[in-house]
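A quick write-up on the structure given underneath.
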Amino acid sequence: MEGRTYTADAEPGDEVTVAGWVHEKRDLGGIAFLILRDTSGKIQVKFEKDEMDDDLVETGLDAHRESVLSVSGTVKEEPRAPTGVEVVPESIDVLAAADPELPLDPSGKVDAELPTRLDNRTLDLRKDEVKAIFEIRAEILRAARDTFRALGCTEINTPKIVATGTEGGTELFPITYFGEEAFMNQSPQLFKQLMAGSGLERVFEIGPIFRAEEHNTPRHLNEAHSIDFEGAFCDHHEAMDAAEAVTTAAYDAVAENCEEQLEALGMAEEFDVPDGDFPRLSYEEALERINATGELDEHLVWGDDLSTEAEHVLGQEVGEHYFITDWPSEVKPFYIKDHDDDEELSTGFDMMHPRMELVSGGAREHRHEKLIEGFEQQGLDPEEFEYYTKMFRYGMPPHAGWGMGAERLVMTVLELENIREAVLFPRDRQRLSP
Ligand code: AMO
């Protein structure tokens, strides 16, 4: 809008046109106030009824809350106004009138349950503390991108409609692709590996992943966003270093650039940035430490996957981000490389926040024959993956990488209770719309 001033930039003495939503109205009789809100903040508009044109006063005060107005006038200093200034209006345009009945109250005076909020996300994001989550999410993704660029990675985009899954057959969403069965991709795994083996060498992608998981939990989505890294000539240690770098960069960026948003979330005082030196525990050590707490009913033995409860117990024990390394080969997928000196032991790792898993990764099997064996051991038909395995015959360097859940990262950085808070329009067992 030409000539528009953000409310935060309005200075005493300025002739301005501000535009935004009616946040609140207060009619005290001879004098009335309207608080106008835009993305930068709020400003008071003052109506002195006896001294102003009746039409002007009526237009301003008849507008229901959340109506969109453009107000032109003079900015005056006013210590009693919420921001120390107010606009004395000369003209008001109603750009979009709002119904008097709102499905939720953006001023936050009336709390709404999460489903109501998600059904009305547009109104929900008019609340400072909700808007703050998505501004911080954007900042975290920017920090991740910058870190990858500093690590020499090229950003890639890979197909989301695919012929085969990679992360276990039961979690696939089937679709019809011109009469043929296809699937929504669960992970860019195979494509990012193919690109690590291309001339690009180091790549990253931030994009959607689709998982037809049955369980409806506070940490699972059916459509999530994955931050993926893959590097040629990298081993699993270097891959872990990169995961650590992206994670700490995310916290650093929020601490440095999102003070206002942390304030809105009530976190400005106690926002801690991890030091970036995350302990690396072997799977075996992890089992020992969990068992030693005596907090689980069962005694964990080699080969067991870690339940949510086991992860929780260990998270409490360690009390900071950490890695679990050297998982048994049998619990990791076919593309993860085993240790050269012990085939029972994989180079696969997970990076954990005390509350949950954030990352899985590892060095990859880059030897063609071994890779084919891996497919067979996992009950997958290597023929179906020929587009992938074929490239391992034409010079596929050793490589390593990982995938990190973007929503889980935001959720843990901001200590959100439910992962749905960290995504605009969640897809879960109940939600396909909006
Ligand atoms: P994995 O399946 O462990 O590994 O996924 C990697 C990370 O993605 C996040 N994530 C999810 N977040 C929300 N809802 C879900 N349903 C969901 N599923 C996964 C988690 C998880 O740690 N290809 C490998 C990665 C690799 O080896 O590079 C993979 O997809 O934070």
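Quick note: numbers below take in every heavy atom, side chains included, and nothing from hydrogens, waters or symmetry partners. Nothing fancy with the numbering, it's 1 onward along the sequence. Indexing begins at 1, ligand by ligand and atom by atom, following the structure's order. No experiment lies behind these values; they were computed from the predicted model shown.
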(request) In plain terms, say whether Arg280 and Asp326 are close enough for a salt bridge, that is, a side-chain N and a carboxylate O under 4.0 Å apart. (result)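 Salt bridge absent between Arg280 and Asp326.
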Nearest to [atom], what protein heavy atom do you find, and at what distance?
| atom | result |
| --- | --- |
| atom 9 (C) of ligand 1 | Gly405 CA, 3.6 Å |
| atom 23 (N) of ligand 1 | Gln189 OE1, 2.7 Å |
| atom 12 (N) of ligand 1 | Arg408 NE, 3.7 Å |
| atom 3 (O) of ligand 1 | Ser360 OG, 2.6 Å |
| atom 29 (C) of ligand 1 | Glu167 OE1, 3.6 Å |
| atom 10 (N) of ligand 1 | Ile209 CD1, 4.3 Å |
| atom 30 (O) of ligand 1 | Arg211 NH2, 2.9 Å |
| atom 17 (C) of ligand 1 | Glu213 OE2, 4.2 Å |

Quick one about [Y] and [X] (side-chain donor to acceptor, distance below 3.5 Å, no hydrogens or angles considered), yes or no?
| X | Y | value |
| --- | --- | --- |
| Glu135 | Gln261 | yes |
| Thr158 | Glu205 | yes |
| Glu415 | Thr412 | no |
| Ser40 | Thr7 | yes |
| Gln430 | Asn216 | yes |

Any N/O pair [X]/ligand 1 closer than 3.5 Å:
| X | answer |
| --- | --- |
| Gly362 | no |
| His220 | no |
| Leu358 | yes |
| Glu230 | no |
| Glu357 | yes |
| Ser226 | no |
| Ile419 | no |
| Leu221 | yes |

(message) Testing Arg219, Arg420, His220, Arg137 one by one against Glu407 for a side-chain hydrogen bond (donor to acceptor under 3.5 Å, both in side chains), which residue passes?
(response)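 Of the listed options, the one satisfying the test is Arg137.
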If the cut-off is 4.0 Å to any non-hydrogen atom of [X], which atoms of ligand 1 fall inside it?
| X | answer |
| --- | --- |
| Arg364 | 26 (C), 27 (O), 28 (O) |
| Ser187 | 23 (N), 30 (O) |
| Trp402 | 26 (C), 28 (O) |
| Val359 | 22 (O) |
| Gly361 | 27 (O) |
| Gly403 | 6 (C), 7 (C), 25 (C), 26 (C), 28 (O) |
| Lys192 | 26 (C), 28 (O) |
| Arg219 | 13 (C), 14 (N) |

How about [X] and [Y]: are their ring centres within less than 6.0 Å of each other?
| X | Y | value |
| --- | --- | --- |
| His321 | Tyr251 | yes |
| Trp402 | Tyr335 | no |
| Tyr322 | Phe278 | no |

Distance from [X] atom [atom1] to [Y] atom [atom2], nearest 0.5 Å?
| X | Y | atom1 | atom2 | result |
| --- | --- | --- | --- | --- |
| Glu238 | Asp241 | CD | CG | 7.0 Å |
| Glu244 | Thr247 | CD | OG1 | 8.0 Å |
| Ser360 | Gln189 | OG | CD | 9.5 Å |

(message) Check this for me: Glu284, atom CD, are more than 12 non-hydrogen atoms of other residues, nucleotides or ligands nearer than 6.0 Å?
(response)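 Incorrect, the count does not exceed 12.
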(message) Closer than 3.5 angstrom, by distance alone: can the side chain of Thr347 be matched with the main-chain N or O of Lys337 as a donor-acceptor pair?
(response)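 Checking the backbone N and O of Lys337 against the side chain of Thr347, a donor-acceptor pair under 3.5 Å is found.
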(message) Looking at ligand 1, would Tyr335 count as a contact under a 4.0 Å heavy-atom criterion?
(response)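 Within the 4.0 Å threshold, so yes.
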